[in-house]
Peer 1: 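Let me begin by handing over the structure; questions about it come next.
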There are 2 protein chains.
Amino acid sequence: MPIEPNYFQQYQHADIDELADVIGELLQNPITVEDADHKLIAYSSHGESTDEARWSTIMGRRVPEKVLTRLWKDGVFQELLTQDDPVHIPAKDEIGLGKRVAIAIRRGSDVLGYIWAQEVNRPITREDDEILRQAARVAVSRLIQRQGKRKAEEQRRKEFLWELLLGNHSSEAVIRQKADSLQMQLPTSYLICIIEAAGARLDQYLYPLLMRDKLLWVVDGSQIILLIGLSDTKKDKSDVLIRKVEQFLSDSLGKLEAHVTEGCQVIAGYGRDYKSYTDIVKSYREALHALKIKKLFPQENEGIHGYHELGIYRYLLQLKQWEEEQGYQNERLEKLRQYDRENQTTLLTTLETFLDAAGKVNKTAERLHIHINTLSYRLRRIEEIMRVDLDNMNQRAALYLELKIAKLDGEQ
Amino acid sequence: MPIEPNYFQQYQHADIDELADVIGELLQNPITVEDADHKLIAYSSHGESTDEARWSTIMGRRVPEKVLTRLWKDGVFQELLTQDDPVHIPAKDEIGLGKRVAIAIRRGSDVLGYIWAQEVNRPITREDDEILRQAARVAVSRLIQRQGKRKAEEQRRKEFLWELLLGNHSSEAVIRQKADSLQMQLPTSYLICIIEAAGARLDQYLYPLLMRDKLLWVVDGSQIILLIGLSDTKKDKSDVLIRKVEQFLSDSLGKLEAHVTEGCQVIAGYGRDYKSYTDIVKSYREALHALKIKKLFPQENEGIHGYHELGIYRYLLQLKQWEEEQGYQNERLEKLRQYDRENQTTLLTTLETFLDAAGKVNKTAERLHIHINTLSYRLRRIEEIMRVDLDNMNQRAALYLELKIAKLDGEQ
DNA sequence: TTTTCATTTGTGAAAATTCACAAACAAACT
DNA sequence: AGTTTGTTTGTGAATTTTCACAAATGAAAA
């Protein structure tokens, strides 16, 4: 294994612009250095020919949105964020992006920025990777200061989000003002989403996704709390936002479940969407509620994350509390339970399966692995014992509710 | 028309025992005088032959229970309580009751007692009716005193019931003690039932029924509040009591609806059954709740009176209040309503009918007078517009609840 | 005016449901 | 042992549900 030369020994104290030039000379190609937010930091100043993407980046002092979107979509950033080596990117003519190589500038797990090397004068090969690796290492100290400021800003934004979540601000105007002062642009429509995974470094695993969508987030114990929003859309906004959240969740849950240790589960829930930022407390509470219900009824709410999708489960805790206050106990259910105990039958399970299957005998019998006539016999017995009419929607719905409420007590 | 003689002119100041003897002589038959509670007041003292019923009555100082039950069942008391003329009663050998004639002693609408004339020495004919009529009139003054005492006692019992209903007593022991001091025997199992009919003299119309079952009751505005109980039964008590209440209600509602003016409706509700008398407040509140719900959802709860039968309606008011507190508004329902408005369709009604029919398409289409395929088309549209899955019980039940909650706001 | 779209109704066939009736089985009781 | 009781499964027929497809309607749009 040959010892690689130390390309940047004599430039340890050069400033970032000079560094860009040096890299450019080493690779004989145009160089761009960006921070983690894709704002332009430096670029090599030789008058080489360049592509539209680089030109726009330099003119706008930031990488154009459509380029970023495309690179996220193609998984380029995912690669950059998770590995130390340079990533070779083929040309993408539709967005005016020529062939190039990029590497992340990182300290520990934090990504401070990126170095981009366009391939126009000569191809950049695997042999050049070491140059870029060293360049990224040298660039770190140059970006730390900037990063420090960014971190502090982000810290203040996170604190602001906590204030919003806890409802410390009562006036919409004050909130908007503070957001402005923190240079945040609040989405016109938003909701709160929580992902929980015990024992996993949530923010680390989700980092690429969080960056991609530029989300505002805070970590609370084993939960990560996200503010997800939409800024522009005019109509059907609710649907679009929810689709975006579901997309985000399917991305992140997939990723997390791969990383997380076997035993502990990953769950997520989100509240309803609002426009006023005084309502953020509501959305947060709703997300917490959804999470709680998903823990209590995992099977029943599999694949469901939104508070608005909880259906009757939304009411259960409240109703249970009310029933306790009223000193109500359900005699009919108790009767069935007793019958089951005395006769070693499973009528309660039968009833629950039947109700869960929305009264479809076929599906119920199948799930219980019993003959359809057995089911019909059992249902008749249930009606006799409980003195209910299962054809009556009121009674059916009431039973359904009471059954699920009873499950909350672990009465099974 | 012959002028009837005044049979009792010379006995205007005779005491009640003497009066019994006089009537006995006039009719040449054994006479018994009882108060409204069937306690023996006086009886003719001639040594005539008599039947088992009269003998038991005199020995026990009260008409035997089985005789009373039978006479109530045969409608004899109903007649006696509602008409001024004597009632001729055929022999009922099974209960040791010989042929006899009876008349109520009444002042205005109050029944103070009864005169019984057994037919053993000679038949009592229609010509003798006038004798009994006059006898009843003369007896009135003799019973008024006694009646006064009874009224006062009843008044104190009613006050006691009010105290129980309002929960003024917290200790079971104190309640039992006070009941003893009022010479009331509290049923071991009881419930509170309320009948409401605006503008009807409830207690008057129900008088025979109230007397028959010896119920404790109070009137509150247009409501009559009843304590209905069972004393002895050991098992299945809940069912028996509820059957008794339903029987009572079908009797009384039938009677009331005949009497009451067209416009105003008669409604009834009852709470759950309890054993401890500190729970009477609960049963009363439950009865009131049932009544309230029946007013809000008359069709939905037709033929239902018991709090335990309300099903989901039991929860509605609570849930509505909760939703208001949470500031929740159901967007999916609103979407459907809006669609209906914009397209002059009736999808909301369709949905409600479908849910009310527990998902039976046949029944639904029939009720809506539409083709079954029209219904299936509409249901598909509803699922599209609301983005729900009507085959999913959770969503179905949630929609059902939300629909009924929405009806509370008159949103229809 | 034609065209389009949402809605309603019809037809027919496969699948599911309901119902009555009977046989098989095991556990409990006499 | 036989009997009773509660439960499960099977058979067959009538009815209902589901689904795909087509035709008719009427109102709005081009």
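To find a chain, count down the sequence lines: A is the first, B the second, and so on, and within it residues start at 1. Values below: all heavy atoms of this structure, side chains included; hydrogens, waters and symmetry mates excluded. Keep in mind that this is a model prediction, so the values were computed, not measured.
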Peer 1: Only pairs at least two apart or in different chains count here, so list each side chain to side chain donor-acceptor pair (under 3.5 Å) that has a residue in residues 373-386 of chain A.
Peer 2: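 Listed once each, the pairs are Tyr339(A)-Arg381(A), Thr350(A)-Arg378(A), Arg381(A)-Glu384(A).
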
Peer 1: For Glu366(B), does the CD atom sit with more than 12 other heavy atoms under 6.0 Å from it, leaving out its own atoms?
Peer 2: no

Peer 1: If I take atom CD in residue Gln344(A) and atom C1' in nucleotide dG6(D), what distance separates them, rounded to the nearest angstrom?
Peer 2: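 It works out to 12 Å between those atoms.
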
Peer 1: Restricting to non-hydrogen atoms, name the atom on Ser231(A) and the atom on Pro187(A) that form the minimum distance, rounded to 0.1 Å.
Peer 2: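 What the structure gives for the nearest pair is OG-CA, 3.6 Å.
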
Peer 1: Counting just side-chain N and O atoms, does Lys360(B) come under 4.0 Å of either OP1 or OP2 of dT18(C)?
Peer 2: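 Looking at the OP1 and OP2 atoms of dT18(C), one of them is under 4.0 Å from a side-chain N or O of Lys360(B).
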
Peer 1: Could you identify which residues of residues 370-392 of chain B place a heavy atom less than 4.0 Å from some atom of DNA chain D, listed by residue number, or say none?
Peer 2: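 Only Asn373(B) qualify.
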
Peer 1: Output yes when at least one side-chain N/O atom of Asn362(A) is less than 4.0 Å from OP1 or OP2 of dT17(C), else no.
Peer 2: yes

Peer 1: What pairs of residues pass the side chain to side chain donor-acceptor pair (under 3.5 Å) test when at least one of them lies in residues 392-403 of chain B, not counting sequence neighbours?
Peer 2: Asn330(B)-Glu402(B)

Peer 1: For Glu342(A) and dT5(D), what is the distance between atoms CD and P respectively, to the nearest whole Å?
Peer 2: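 Going from Glu342(A) (CD) to dT5(D) (P), I get 18 Å.
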
Peer 1: Let me know the distance between CD of Glu366(B) and P of dT15(D), rounded to the nearest Å.
Peer 2: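 It is 14 Å, rounded to the nearest whole Å.
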
Peer 1: Can you classify the ring geometry of Tyr315(A) versus Trp322(B) as parallel (below 30°), tilted (30 to 60°) or perpendicular (above 60°)?
Peer 2: perpendicular

Peer 1: In Å, rounded to the nearest 0.5 Å, how long is the span from CG of Leu348(B) to CG of Leu336(B)?
Peer 2: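 It is 5.5 Å, given to the nearest 0.5 Å.
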
